[in-house]
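Written out below as structure tokens is the structure these notes cover.
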Amino acid sequence: MRLELGNIFIKDLQFGPETKVEKGILYVNKEELLKEVSGDEKVKSIDFDIVHPGDSARIIPVKDVIEPRVKVEGKGGIFPGFISKVDTVGSGRTNVLKGAAVVTTGKIVGFQEGIIDMSGEGAKYTPFSKTHNLVITCEVNDDVKQHEHEEAIRMIGLKAAAYLGKAGKDVQPDEVKTYETLPLLEQVKKYPNLPKVVYVYMLQSQGLLHDTYVYGVDAKKIIPTFIYPTEVFDGAILSGNCVSACDKNPTYVHLNHPIIEDLYDRDGKDINFLGCVITNENVYLADKERSSNCTAKLVEFLGADAAIISEEGFGNPDADLVMNCNKIEEKGIKTVLVTDEYAGRDGASQSLADSTPKGNAVVTAGNANELVVLKAMDKVIGHPEAANIIAGGYSGSLRPDGSIEAELQVITGCTSEVGFNYLSAKGF
Amino acid sequence: MVKEIERAGLPVVHMCTIVPISKTVGANRIVPTVAIPHPLGNPNLSKEDEKELRRKLVLKALKALQTPIKDQTVFED
Amino acid sequence: MMKVVHYINQFFGQIGGEEKADITPQLHEGVVGPGMALKNAFKGEADIVATIICGDSYFAEHQEEATKTILDMIKKYNPDVFVAGPAFNAGRYGTACGAVCKAVKEALNIPVVTGMYIENPGVDLYKKDAYIVLTKNSAVGMREAVPKMAKLALKLAKGEPMGSPQEEGYIPRGIRKNYIADERGSKRAVDMLVKKVNGEKFETEFEMPSFDRVAPNPPVKDITKAKIALVTSGGIVPKGNPDRIESSSASKFGKYDIDGVYDLTEATYETAHGGYDPTYANADADRVLPVDVLRDLEKEGKIGSLHRYYYATVGNGTAVASAKKFGAAIAKELIADGVDAVILTST
Amino acid sequence: MLNLVEKLIIITNNPLSKEFFNDKYEVQFINGSLMDVLIKVRDLIHKGYVLLTHPLMGSVKPNQTPYKTVAISKLPKDKTDEQSVLVIENSIQTAQKLIKSKPYKKWPEEVLEDFRVIDLELIKSIF
């Protein structure tokens, strides 16, 4: 499967009379966008805002971040199973409005976290302070249940991103990157002398506000399976998570999957990148056993010499990570794990909820419990009072002057467990 | 604790319900026991039967102490 | 010039060996024993103004008093940094160095440095509280250890930022600190994977706990002549828990005389352990500590004898540091009492 | 997904879970904290019951949500289930650590309701 990603560099984002990309500026027609995303009777109000890198602006609580993309050539459309039909995606050409993002906000549950600061100390910790963000504030009717609320906001975000993406359909990209993975036997033959690598892609899938979707299917209902890495770039996997801001994978991160990108970068040089095995993280212990058995079996079957395994979330996903690691290492396949830590504010506590001596190669995205002070912002989009109840904050987190003292776990994408961010931790 | 006793030069047998924990703490001679709240007993048995059960387990432990081993060894039945 | 107070034991203080291990803390102006090497390593930037010498046994047995005396001795010098040891692999000495360092840091807010071999029980107990320079397992390593300790001490005295354990040569304290890496996490993961799969050296960013092993001891030759001791982490104590052993992550162990005890009954013994439902152990503590059966076996001549004391603490699988200390202390007493083998029961 | 023939007991301090499961399964309601639920589950596991769901389910940390629902096997086995012990002991330690490092805050009632809903929804996902 071969996919060209045509990156159109977006330098600015503005409202305008027509939705289009011109000289690197993405113009958005507000009315048309509203028409495109509205229609759900559960939704009471939808508001749009634009924030830029460096602005004195805060978005809270963030639900999801999504990159506008459009399918230009090849089968299917963006976000199969939700926006487009369930055709297999990942081949042909997809254009990307690089530098723009849709950010959805809305208070689905009271303790919901997720802060994006566009400037100051907080901006250092979130990758989404570097994008021009179209922020959608969405409020629903009072009687709407949490699941329906999550679904409504999720759909509005996806629709908005797909709508904006269309503006890039006929634009000449500034750069084109090509990614290709061949069917297994051919891929193996392509670089016969390089070590064969599989990426084990763990998806949060425990239930309400902890879900991930694969071609529209709830990931807890899948058994581990193979997917071509390029499918991910077209939105085959997307996020329905919204309670673990620092270490969940927003849809933007799935689309720009950093481990997949970096494995492609070394494909044919140091390694032979065979593809991805997606697996889930469940509540039921027998499911954990089954999924990890299946994952290890599949990684072995693909003939991998080594695998990168990433988890999503903290607590019981650590158990899945450890099971996957043990079972894959037991087959003689070398593993590298990617995780983050909850080592306490002073960094002195044992960091993972579960561990294994076999996990001798670990990349950490940092300690999510470290405290940070986020200065007051001129503009706050969403619900600033959420700072007092979000996970990682505490009562008094929001100070009278509008600044916030809280743990890093409140910041969206801060300790990305797929290594999208630069934060790490060291032992002292 | 069991490891430090071993390190000091005393042969030691660890009687413990959860064998993986015993292995993790570095015991070498391991005798698995009945249950966590009553490793060397079983309240469902009569007093006599329970003591007999305990005696069997202790005898197994003594046997373990008399057995030469090279590596971590679990003394099952 | 910066001022340093140095702590050493009776042996390095040139007072004597084990027979002098019970001496009380003594204060000497200036340098004693290994302090000379340390002083030289300061290269004129700091001076050892006083040396405190304390017997290892005295410290172990009178920790509270000894610590108080030592703190009083240190106070009047108002040093810029406090150095203890190095203790190499001497367990009680290491534990004393660690404990004194911790007290100095907490009570006087003076930076502290010590040195130990990695397996010294003092390491696990105090690595969070003091910078412990990694040394060899005997005094042979003195020459190597002293310059590292001196360098660290000067750095701390000057308030300079501390480097990583690898750079500075101290044992990682297990404190996790965030930093912004040069490469994003995914790139670091791929780099690590390429190294690992090619059999090259790589450095994990997060150390999973690993477990060292001790080789098994030879078996008991004649069990019918052997003196067997009972030890338990199941918290079995005389009724009323006279030593007040804590219900979880106990900070101490108890030693109990069972001379003439043939059966542990509901009226006489109970469990202090908070990690399981105590109903069954309280009703009959033999279910955790099989005194009744061992008495029978003793009578029948199946074992030589049951040791007069049993030892108990409350263990949970992972409180490794204190368990290590208890194990070493208990083993020492058991050997001194001529015990041949141990049955350790856990819940 | 749960094996449909598997019989189970629900241990919970969440009134919503109690209400939901009451007429379908045996429910042991704990009038107490999340930690009380974990301790109860631990004691039952020690007696031979098998843990069916992970006690730290969800990304909502044990020092955030005061509610917890856990499923265990209906019938105890003769022998303590090792895997269950390892998971519950580990979970208790992690929960204790987190609660110690940052105790619960006083949540407003509507937030508590959200916690109850999430807890129930997560456990429902196994059916």
Side-chain angles (χ1 to χ4, degrees), chain B residues 1-6 12-65 67 69-77, chain D residues 6-13 26 28-30 32-57 62 68 70-98 100:
Chain B
M1 201 151 72
V2 63
K3 194 167 62 189
E4 294 312 308
I5 292 172
E6 188 95 75
V12 51
V13 56
H14 193 203
M15 306 189 76
C16 174
T17 308
I18 308 300
V19 171
I21 293 182
S22 185
K23 285 187 170 168
T24 304
V25 300
N28 288 320
R29 293 176 167 91
I30 300 167
V31 172
T33 52
V34 180
I36 287 173
H38 45 81
L40 292 155
N42 184 347
N44 298 327
L45 301 176
S46 70
K47 267 269 173 235
E48 294 70 35
D49 287 353
E50 189 182 10
K51 195 167 172 189
E52 188 51 35
L53 168 79
R54 178 150 62 245
R55 187 182 164 97
K56 275 189 187 144
L57 284 165
V58 171
L59 285 172
K60 207 187 282 177
L62 293 177
K63 197 176 141 234
L65 284 172
T67 310
I69 55 165
K70 282 205 182 94
D71 217 341
Q72 291 191 315
T73 306
V74 180
F75 292 84
E76 308 271 6
D77 291 314
Chain D
E6 188 140 37
K7 296 216 171 80
L8 49 80
I9 304 174
I10 298 283
I11 318 284
T12 186
N13 67 344
E26 180 183 339
Q28 291 197 22
F29 185 75
I30 308 287
S33 66
L34 173 140
M35 194 52 85
D36 293 335
V37 173
L38 298 188
I39 299 284
K40 179 71 193 177
V41 169
R42 180 200 71 192
D43 286 350
L44 290 169
I45 288 170
H46 287 177
K47 284 181 190 162
Y49 292 86
V50 179
L51 185 66
L52 298 180
T53 61
H54 200 291
L56 296 183
M57 64 179 183
K68 185 56 73 184
V70 181
I72 62 167
S73 65
K74 175 92 180 167
L75 295 171
K77 295 203 293 189
D78 295 342
K79 214 178 161 316
T80 319
D81 184 65
E82 290 185 349
Q83 194 58 34
S84 300
V85 173
L86 295 174
V87 172
I88 188 72
E89 299 284 352
N90 224 336
S91 299
I92 287 176
Q93 268 177 33
T94 302
Q96 276 171 340
K97 186 198 92 180
L98 288 169
K100 195 178 144 212

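Any value given below was found using the heavy atoms of this structure, including those in side chains, with hydrogens, waters and symmetry copies removed. Per chain, numbering begins at 1; letters A, B, ... match sequence-line order.
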Here the gap from D/Glu82 atom CD to B/Ile21 atom CD1, rounded to the nearest 0.5 Å, amounts to 8.5 Å

Residues 28-37 of chain B vs chain D, non-hydrogen distance cutoff under 4.5 Å, contacting residues -> B/Thr33, B/Val34, B/Ala35, B/Ile36, B/Pro37

Applying side-chain hydrogen bond (donor to acceptor under 3.5 Å, both in side chains) to D/Ser84 and not counting sequence neighbours gives D/Asp81

- Task: Using a cut-off of 6.0 Å, state whether more than 12 heavy atoms not belonging to B/Lys56 lie near its atom NZ.
- Result: no

Neighbour count >12 (heavy atoms, 6.0 Å) for atom NZ, D/Lys47:
yes

Check: Is atom NZ of D/Lys97 surrounded by more than 12 heavy atoms (other residues, nucleotides or ligands) closer than 6.0 Å?
Finding: yes

Turns out that what part of D/Leu86 lies under 4.5 Å from chain B's heavy atoms comes down to side chain

